[in-house]
Each structure stands twice: as C-alpha cells, then as structure tokens.
Amino acid sequence: MNEQLLQPTAKPARTVVPIVPASGSAHGYVPGQPDELLTRIGPGQPCGELLRRYWQPVAASAAVTRRPQLIKVLGEELVLFRTGNGQVGLLYPRCMHRGASLYYGKVGADSIACCYHGWRFDTEGHCLGQPCEPDNGRFRDKVRQPWYPTEERYGLVFAYLGPLDKKPVLPRYDILEDLAPGEFHETSVGGWGATRDETFAATPHVPYSWLQMNDNIMDPFHVQVLHSTFSVVQFAEEFAVMPSVEFTRTPNGSQAVAKRVLDDTEFSRITSYFFPNVMSIPGTDVSDGRANRISWVVPVDDTHYVQVLVARTATAGVFGTMRWKGKAWGEMTREELQDSPNDYEAQASAGVLSLHSEEHLGTSDRGIVMMRRMLKEQIAVVAEGGDPLGTSFDPGQPVISVPAGHFFRPLDKA
Ligand code: FES
Ligand SMILES: [Fe+2]
C-alpha cells in the first residue's frame with residue numbers, strides 16, 4: 001500500500017439539490033444524493049483517512065483465537081488471529097508469496113503459516129520462514145506481509161489502520177477504569193438489526209451507512225417520539241416528556257443535556273460524544289448516576305457498520321434483548337415492525353445511504369449539524385497534514401472523563 005496514494009484531498013463534494021416541481025407533485029421530482037464526503041470511508045477517501053487516525057474496536061477479545069477469521073473494517077478485508085503466545089495479528093489476507101488467503105493459514109506460537117507453501121508471518125508481517133526455499137528462505141527478510149497494529153483493552157481488540165507515524169495512544173475512559181471487586185467488562189459486537197455474514201462471521205454488520213447511526217448519538221429528541229410515544233414505551237415512561245436540550249462542544253467532541261421536569265424533580269440525561277465515532281449513552285432505564293458504557297460506530301464499508309459496546313457491570317446480560325409482546329426483533333412480522341418500529345426501522349428505511357441533500361434540518365437537529373461540521377473541519381485538518389481532534393501521542397495522557405449519565409435534582413418550589 002503506497003502512502004502517497006492515500007493522501008486525502010478533502011475536496012468539497014458537489015451537492016445535488018433535489019428538484020421539486022413548483023406544484024409540489026411527486027411527478028417530476030428528482031431525488032437528492034448522499035453526503036459523499038462523510039459517507040465514503042475506504043482507503044484514500046477523506047473521511048476514511050480521518051477515521052483511520054483513531055483506534056477502532058474490531059472484535060471481542062474472547063472471540064479472537066488461533067482459528068483465523070476474516071473481518072472487514074473501513075472497507076478493508078483483513079485476517080485476524082491470536083498466536084499461541086497470545087499476540088493478536090491483523091494482516092492483509094493475500095499471502096505475499098502467491099496470494100493464497102491466510103484465512104486458511106495455521107497459527108503457531110508466534111506466527112501464521114500460509115497453507116500453500118508454508119511461508120510464516122509474525123503479527124507485524126515479518127516473514128519468519130519459507131520452507132520450500134533453500135536455507136528456509138534467503139530473501140525472507142525482504143518480504144513483508146502488510147499488517148496493522150492491535151491492542152487489547154476492556155475486553156475488546158482495537159486496531160489502528162492509519163499511518164504508523166501518526167498512531168495515537170489508545171484512550172482510556174474513566175467510567176471503564178478501576179473495576180470494583182465483582183465487576184467486569186461486558187462487550188457486545190453487532191448492533192440493533194445486525195446480521196451475520198458467512199464470510200465475516202466474527203463481525204455482524206448493520207446494513208446501512210455509519211453516518212446514520214453516528215447522527216443518532218446527538219439526537220435526543222427521537223427518544224421522546226420513536227421510543228416513548230409513537231407506539232409503546234420502549235425504554236422508560238419518563239422519556240415521554242418532551243425534553244429541552246442543550247448541545248455544547250467539548251474539548252474532544254460534544255454533549256447533549258436533555259432536561260425533563262417530572263413532578264417536583266428535574267431529570268437531566270447527558271449523552272457524551274467523543275470525536276469521531278465514540279459515544280456514551282446512558283442505559284434505557286432511568287437509574288440515577290453516571291453511565292456505565294462506551295460504544296463505537298465502526299464503519300465496515302460505505303453501506304454497513306458494526307456497533308461495538310462495552311459496559312462495566314457486576315451482572316451478566318447488561319445488553320439484554322428488547323422484546324415486544326414477548327418477541328425479539330428478529331421474530332417480529334412486518335406488520336408488527338410497522339406497529340412498533342425501533343432505531344433500525346427508522347434509520348435503515350432512509351436507505352443504505354441516506355439522501356442528505358433532501359434533508360430539512362430543524363432546531364432539534366443542532367447536535368447533528370454540530371457533529372457533521374466537526375467531521376468536515378477535521379477532515380480538512382488531516383488533509384492539511386495535521387493531527388485531528390482528540391488524538392494524543394503522550395502515553396501519560398489523562399484518562400478521559402465521561403460526563404454521561406442520568407441525574408435528578410429536586411426543584412425549588414419557592
Ligand atoms: S501462496 Fe502463501 S506460501 Fe505460497
Ligand atoms: Fe434510538
């Protein structure tokens with residue numbers, strides 16, 4: 001992979017405005033188009049290169065074993081495995097000899113061996129042996145299997161797909177640190193509406209653009225409609241009250257504070273967004289206190305993403321399945337989904353790539369506007385050779401404080 005070929009240009013995408021006949025008739029209407037700048041995430045794409053400057057979770061640690069697996073992340077197919085001595089490898093899958101896939105490789109103590117002629121590669125792509133060649137390969141030091149760095153934390157495997165000289169420190173979040181006795185990290189890799197692809201069995205994929213889910217982070221108003229009053233109460237009755245919301249930029253992203261007055265109490269729900277695709281959204285009950293979870297919206301390719309979550313908990317099953325009339329989402333009929341739609345129905349029905357130039361954003365979309373503006377600003381920073389928001393190269397960087405949570409305050413009745 002030639003780094004020269006991967007320099008993003010951040011040219012503003014041309015926006016096609018939909019054409020609406022003066023009469024308002026659907027006859028003659030010409031649809032709009034997706035925001036190309038924010039939805040194209042492959043190598044060399046401006047947003048793809050921005051997202052590559054951050055560590056992305058790619059699998060649960062427990063799922064990474066000596067059996068090689070294919071994964072897809074940011075439009076790239078890669079092979080993921082754990083060596084016998086515990087190191088995680090993430091390699092370009094086509095063997096540097098003659099292209100057989102390392103998916104069929106055999107993992108040993110320190111390397112993966114290709115099934116075809118046995119070339120062995122360690123987790124940084126060094127070729128350790130070429131058994132069909134004299135002296136186990138006289139030019140083996142001259143070949144390298146393309147590789148990516150990985151790190152494990154909070155029960156997840158993180159990968160860094162950007163330029164090696166720009167690799168930031170993997171961030172820590174205070175709500176996931178210093179577990180109390182009996183607590184552990186519970187993880188979930190998938191997301192609402194995810195399906196398992198036979199080829200990429202390790203990573204379920206949700207079949208629409210990452211941006212549609214990322215938008216949802218700073219959209220506290222839909223909780224009042226979609227989840228509380230449109231059909232049944234999907235979360236908690238308190239959310240049926242329309243909130244007043246304050247969106248603010250923070251040093252590493254933004255936050256939404258949704259306030260509701262419940263009798264003589266003010267209920268504040270704080271959602272934290274850490275640029276570019278990390279969030280802390282409090283759980284769906286209204287228990288008092290700080291949030292216990294962080295999640296990432298990781299693009300699989302332009303039209304799929306996977307949501308990766310981790311929570312601190314003392315009880316297993318924190319990401320329980322939501323049920324409607326006793327049925328899990330996958331068991332509901334089409335009519336039942338119409339009667340009680342959820343995030344998947346709302347977001348997937350906008351299309352695998354929503355037509356952003358058709359949107360009419362209102363005051364309730366201020367958080368989304370802020371977030372998309374930050375993405376465009378930071379795409380330009382990367383294109384100009386800078387380091388984007390929130391990246392740190394200091395191993396001693398402070399743990400990130402997460403303000404998210406549910407907080408109650410008695411109202412002064414005087
Ligand atoms: S193709 Fe991999 S060792 Fe020959
Ligand atoms: Fe939602």
Side-chain angles (χ1 to χ4, degrees), residues 68 79 81 89 91-108 111-122 125-134 136-140 142-147 188 190-194 206 208 210-236 238-240 242-243 245 256 258 269 271 273 279-286 291 293 295 297 305 307 309 319-322 324 329 337 340-350 364-365 367-368 371 404:
V79 69
F81 58 92
L91 303 179
Y92 176 70
R94 288 177 51 82
C95 173
M96 280 294 107
H97 178 214
R98 277 175 34 216
S101 175
L102 295 176
Y103 173 74
Y104 293 103
K106 189 184 287 177
V107 176
S111 58
I112 185 168
C114 177
C115 67
Y116 210 178
H117 314 92
W119 286 24
R120 291 195 301 117
F121 302 102
D122 71 11
H126 299 107
C127 186
L128 305 184
Q130 300 171 340
C132 306
E133 295 294 314
N136 201 24
R138 290 175 190 153
F139 66 94
R140 68 171 185 268
K142 295 195 170 50
V143 293
R144 188 120 180 222
Q145 189 69 18
W147 67 288
S188 166
W192 192 250
V206 185
Y208 54 88
W210 82 286
L211 189 65
Q212 281 150 250
M213 185 60 203
N214 215 55
D215 281 347
N216 190 61
I217 302 169
M218 282 289 119
D219 184 9
F221 289 98
H222 87 278
V223 175
Q224 196 276 343
V225 181
L226 180 70
H227 297 305
S228 305
T229 54
F230 186 81
S231 58
V232 294
V233 171
Q234 295 172 339
F235 297 167
E238 288 83 346
F239 295 125
M242 186 63 78
V245 181
R269 184 173 209 241
T271 302
Y273 167 58
M279 71 188 96
S280 179
I281 298 184
T284 51
D285 61 21
V286 291
R293 64 196 64 190
S295 67
V297 184
Y305 72 89
Q307 182 142 28
L309 298 101
F319 305 116
T321 308
M322 213 180 298
W324 185 82
W329 177 79
L337 291 170
S340 188
N342 209 305
D343 284 314
Y344 178 85
E345 286 68 43
Q347 294 169 24
S349 62
S364 57
D365 302 304
I368 290 167
M371 176 187 282

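We number each residue from 1, following the sequence as shown. In listed order, ligands and their atoms are each counted from 1.
Backbone or side-chain N, O or S atoms of Cys115 do not reach atom 2 (Fe) of ligand 1 at under 2.8 Å. The nearest N, O or S atom of His97 is closer to atom 4 (Fe) of ligand 1 than 2.8 Å.
Proximity of Leu337 to Tyr344: side-chain heavy atoms (C-beta onward) are nowhere separated by under 4.5 Å. Proximity of Tyr116 to His97: side-chain heavy atoms (C-beta onward) are nowhere separated by under 4.5 Å. At least one side-chain heavy atom of Asn136 sits less than 4.5 Å from a side-chain heavy atom of Pro131.
The protein non-hydrogen atom at the shortest distance from atom 1 (S) of ligand 1 is Arg98 N, 3.3 Å.
When OD1 of Asp343 and NE2 of His227 are joined through the Fe ion (ligand 2), the resulting angle is 100° to the nearest 10°.
Taking a cut-off of under 4.0 Å to the non-hydrogen atoms of Cys114, the atoms of ligand 1 that pass are 1 (S), 2 (Fe), 3 (S). Counting the atoms of ligand 1 from 1 in the order shown, those under 4.0 Å from a heavy atom of Tyr116 are 1 (S), 4 (Fe). Annotation for ligand 1: atoms under 4.0 Å from non-hydrogen atoms of Cys95 are 1 (S), 2 (Fe), 3 (S). Annotation for ligand 1: atoms under 4.0 Å from non-hydrogen atoms of Trp119 are 3 (S).
More than 12 non-hydrogen atoms from other residues, nucleotides or ligands lie less than 6.0 angstrom from CZ of Phe319.
The backbone N or O of Val225 sits nowhere less than 3.5 Å from a side-chain atom of Ser228 that would complete a donor-acceptor pair. Between the Gln234 side chain and the Pro341 main chain, a donor and an acceptor come within less than 3.5 Å of each other.
Taking atom 4 (Fe) of ligand 1 as reference, the nearest N/O/S atom within His117 carries the name ND1. Looking at His222 and the Fe ion (ligand 2) together, the shortest N, O or S contact belongs to NE2.
By the 30° and 60° cut-offs, the orientation of the rings of Phe235 relative to His227 is parallel.
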